[in-house]
> 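This structure is in structure tokens; I'll ask about it shortly.
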Amino acid sequence: MALLEIRHLDISYGSRVTVSDFNLTLEKGRICSIVGESGSGKTTVIRAVLGLIAGGGKVTAGDITYEGRSLLSLTDKEWRDLRGHDISMIFQDSGAMMNQTRKIGGSYVEYIRTHEAVGSGEAWEKGTEMLGRMRLPDPDRIMRSYPFQLSGGQRQRVGIAMGMTYQPRLLLADEPTSALDVTTQAQIVRQMMELRDEYGTSIIIVTHDLGVASYMADYIVVMKDGKIEDQGSRSHILNESVNAYTRKLLNAVPSLGGKRYV
Ligand SMILES: Nc1ncnc2c1ncn2[C@@H]1O[C@H](COP(=O)(O)OP(=O)(O)O)[C@@H](O)[C@H]1O
Ligand SMILES: [Mg+2]
């Protein structure tokens, strides 16, 4: 059984159909990338997987199953058990999602304590350990810093650390490298791939950058105007696809020909 199955998914904001007939099968340990220009519906799709479509958005048709169980009819309690533990998400700029007036440690401790019944001391240790595992130098200092005292790359690593605290089986990453410079992008991309290699995490990475997608993904879905425009294995998309829109996206990645994917 696939880890995640999305079947004939339609999503609307109010009466406006935003995503239609989206399909995806994701096996354990695989990395899928959803690419497409801004507004094509990428964020809407992965937020739907986590049951967190923004303001007024609703799944109007189709199904999303995780290990064979539909996610569309979960209770709040069932979601609390699943989110963070089995499925977690990292955002484009984790720093912006953090409470700017609290130190990282305070936010991390709170995050851990909403997911398990532990004391603050134990939560602090766990957070510090995760930061170290994400190769953040001097995790103690990071825990005692405010978000604005860290670089974009450091904040993004904190976001990834939080997302990985419970070694989720499915990681949803929404443009996790877009806010970063090229060198830091490459580090974050490698780090996510290590998660897959070490823990067998399945990953859906949303990006408008086909370079990042080509570097990371086993499977690529190209979205346009809320629909799947093209899809296939990475080598199919890169080498064989004759879809005009895919070719256009590929041509827009200057470094791709030189194999410098990120
Ligand atoms: N909360 C919302 N309310 C209404 N429309 C939205 C909302 N979020 C996104 N949309 C619309 O849905 C479409 C897809 O958006 P989105 O999923 O964010 O695309 P992408 O992530 O590919 O840029 C866009 O036209 C956007 O304006
Ligand atoms: Mg988006």
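Below, each value reflects all heavy atoms present in this structure, side chains not excepted, and no hydrogens, waters or symmetry copies. Just follow the structure's listing: the first ligand is 1, and inside any ligand the first atom is 1.
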> Does a side chain donor of either Tyr13 or Thr44 reach within less than 3.5 Å of an acceptor in the other side chain?
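Yes, because at least one side-chain N or O of Tyr13 sits under 3.5 Å from a partner of the opposite role on Thr44.
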
> Using distance alone, with no hydrogens and no angle criterion, decide if Tyr219 and Gln231 have a side-chain donor and acceptor under 3.5 Å apart.
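There is such a pair between these side chains.
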
> Kindly confirm whether the Mg ion (ligand 2) is within less than 2.8 Å of some N/O/S atom in Thr44?
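No, outside the cut-off.
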
> Is a salt bridge present between Glu129 and Arg133, judged by a nitrogen-to-oxygen distance below 4.0 Å?
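Salt bridge: yes.
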
> Do Arg102 side-chain atoms and Gly106 backbone N/O form a donor-acceptor pair below 3.5 Å?
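Yes; judged by distance alone, with no hydrogens or angles, the pair exists.
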
> I need the contact residues for ligand 1: any residue with a non-hydrogen atom closer than 4.0 Å to the ligand, ordered by chain then number.
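Answer by chain and number: Tyr13, Arg16, Thr18, Glu37, Ser38, Gly39, Ser40, Gly41, Lys42, Thr43, Thr44, Ala54, Gly55.
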
> If you draw a 6.0 Å radius around CZ in Arg30, do more than 12 non-hydrogen atoms from other residues or ligands fall strictly inside?
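Atom CZ in Arg30 is not packed in, count stays at 12 or less.
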
> Going by atom types only, do Thr60 and Asp10 share a side-chain donor-acceptor pair under 3.5 Å?
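Thr60 vs Asp10: no donor-acceptor pair found between side chains.
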
